[in-house]
Amino acid sequence: MSDSFRRFADSVPLMMWRSDPEGATIHHNECWLDFTGRSLDEELALDWRRGLHPDDFERHARVVADAFAAREPFTVEFRLRRHDGAYRWLLDTARPLVEDGTFRGYLGSCFDITDRKHAEEHIEHALAEKETLLAEVYHRVRNNLQVMVSLIGLYGRAAPDPCRGSFEALGQRVRAIALVQQHLHEAPHIASIDVKDYLHRLASGLGQLRRAGRIGVQVGGTGTGLVEPRTANALGMIVAEIVAECLDATAESVACTIAIEIQAAAGAPVRLSIVSGLSEAAEAGRPNVPKLGPRLIAAYAAQAEIAVTGTAAPDDPLLLHLPETRMAG
């Protein structure tokens, strides 16, 4: 190893090392020696790897051995004990040295990434706490909704006959709210929810919630649209309301079909078209049940800044223009 290389390496403000073809370290620069607090002779004689954190030793050795065997570049993270006894995270990047076609060993440099690792650990801890909090909130909401359904049922059974249909419709809508919350909670990534996947799961649940086997919700379209939780919540409530309106308008023996088409082009806001197609054999729905669907849909849409037009009729589809996502990245 030439004196010019030594002078160059010692002037670089990075921890650097060099090995021979057999993998033995033959040089550490001044920045490295300042970190460990030892002289070059001490570092070479005693093997610098004794300063590795015990939990990183085998992983580091495996990565390096595999790279040397293939004579390929490698990158590895590990903790190394500093001169004051503190372990610091280092990112080691090394490349093979080849001169005149002959392999001469490796040259590597290390960056201190301790602050980054601590930040990652903090983020992971914060995410874990957030998931715990969300789970607690979800369970409390679910329990409260179950109590509401029970209370609505009690009042409905005690109400005069003309009012019972309204109480039943209200109870079904509260169950739909609970189902929407469940599927939001079960989303793989709560911060960015895939519209198509979410509606597929929600549609299956709505189809079994009431009049099982006589309500079908079909979700089609192309592209992948990611939305924020508040948008997904409002969208779920709108779909649940359309299903409820379809069921309220038909007899128990009549089948209902809801068709949802999603348009999710890259870089553009997500759009949906929803059609509620009642069977030709539709009969009169439940009497004394107020038709609140349009007002509820408008309210849900306004909460999430969703632009809405249409009535969901076959000749006048309900068109939803979702807001542009404000999620980072």
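Heads up: numbering here begins at 1 and tracks the sequence.
- Partners of R62 according to the side chain to side chain donor-acceptor pair (under 3.5 Å) rule, which considers only residues two or more places apart in sequence or in another chain, do not exist here.
- For the residue pair Q172/E168, the side-chain donor-acceptor check at 3.5 Å is not satisfied.
- With sequence neighbours left out, the salt bridge (charged side-chain N to carboxylate O under 4.0 Å, His left out) criterion links E77 to R116, K117.
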Open item on the list: Between D194 and K196, does the salt bridge (Lys or Arg N to Asp or Glu O under 4.0 Å) criterion hold? Intermediate values first, please.
Closed with: CA-CA 6 Å; D194 186 311; K196 183 176 289 187; over 6 Å; no
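- The other residues sharing a hydrophobic cluster with L127 are I123, where clustering joins ILVMFWY side chains under 4.5 Å apart.
- At least one side-chain heavy atom of F78 sits under 4.5 Å from a side-chain heavy atom of D92.
- The backbone N or O of T311 sits less than 3.5 Å from a side-chain atom of D316, completing a donor-acceptor pair.
- In summary, R49 and E43 do not engage in a salt bridge, as defined by a charged side-chain N under 4.0 Å from a carboxylate O.
- Between D161 and R164 a salt bridge is recorded (basic side-chain N to carboxylate O distance below 4.0 Å).
- With hydrogens and angles ignored, the 3.5 Å screen pairs no side-chain donor or acceptor of R18 with any backbone N or O of H28.
- Residues that satisfy the salt bridge (charged side-chain N to carboxylate O under 4.0 Å, His left out) test with D66, not counting sequence neighbours, are absent from this structure.
- The shortest side-chain heavy-atom distance between L319 and V308 does not fall under the 4.5 Å cut-off.
- The side-chain heavy atoms of L179 and L206, taken from C-beta on, include a pair separated by under 4.5 Å.
- Residues H125 and E121 have side chains that never bring a donor and an acceptor to within less than 3.5 angstrom of each other.
- Cluster annotation: I26 and V98 are assigned to distinct hydrophobic clusters (Ile/Leu/Val/Met/Phe/Trp/Tyr, side-chain heavy-atom contacts under 4.5 Å, transitive).
- The same ILVMFWY cluster, assembled from side-chain heavy atoms under 4.5 Å apart, contains both V137 and L184.
- Side-chain heavy atoms closer than 4.5 Å link hydrophobic residues (I, L, V, M, F, W, Y) into clusters, and following such links, even through other members, never connects V141 to L151.
- Note on R82 versus D84: salt bridge recorded, some NZ/NE/NH1/NH2 to OD/OE distance being below 4.0 Å.
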Name the atoms and distances for all side-chain donor-acceptor pairs under 3.5 Å in residues 103-113, with sequence neighbours left out.
unit_1, atom_1, unit_2, atom_2, d
Y106, OH, A67, O, 2.9
Y106, OH, E72, N, 3.0
Y106, OH, E72, O, 2.7
D112, OD1, R88, NH2, 3.4
D112, OD1, T114, N, 2.9
D112, OD1, T114, OG1, 2.7
D112, OD2, R88, NE, 3.0
D112, OD2, R88, NH2, 3.4

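- Residues M15 and L80 share a closest heavy-atom pair of CE-CD2, 4.3 Å.
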What side-chain donor-acceptor pairs closer than 3.5 Å can you find for residues 260-272, not counting sequence neighbours?
unit_1, atom_1, unit_2, atom_2, d
E261, OE1, G221, N, 3.3
R271, NE, H321, ND1, 3.4

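- Not counting sequence neighbours, the partners of D315 by the side chain to side chain contact (heavy atoms under 4.5 Å, CB included) test are A313.
- Applying the side chain to side chain contact (heavy atoms under 4.5 Å, CB included) criterion to I152, with sequence neighbours excluded, gives F167, L170, V174.
- With ring centers used as reference points, W48 lies 6.0 Å or more from W17.
- With T132 contributing its side chain and A128 its backbone, the two residues share a donor-acceptor pair below 3.5 Å.
- Note on Y155 and V147: separate hydrophobic clusters, where clusters join Ile, Leu, Val, Met, Phe, Trp and Tyr whose side-chain heavy atoms are under 4.5 Å apart, directly or indirectly.
- Hydrophobic cluster membership differs between F35 and Y87, with clusters built from Ile, Leu, Val, Met, Phe, Trp and Tyr side chains linked at under 4.5 angstrom.
- In terms of the salt bridge (charged side-chain N to carboxylate O under 4.0 Å, His left out) criterion, R95 has no residue partners (sequence neighbours excluded).
- Sorted by first then second residue, the salt bridge (Lys or Arg N to Asp or Glu O under 4.0 Å) pairs that include residues 139-154, not counting sequence neighbours, are E136-R140.
- Every residue two or more places apart in sequence or in another chain that forms a salt bridge (charged side-chain N to carboxylate O under 4.0 Å, His left out) with D56 is listed here: R59, R79.
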- [ ] Check the pair N233, Q303 against side chain to side chain donor-acceptor pair (under 3.5 Å), reporting the backbone distance first and the verdict last.
- [x] CA-CA 10 Å; N233 178 74; Q303 289 177 358; 5.1 Å; no
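- In this structure S39 satisfies the side chain to side chain contact (heavy atoms under 4.5 Å, CB included) test together with D41, E42, sequence neighbours excluded.
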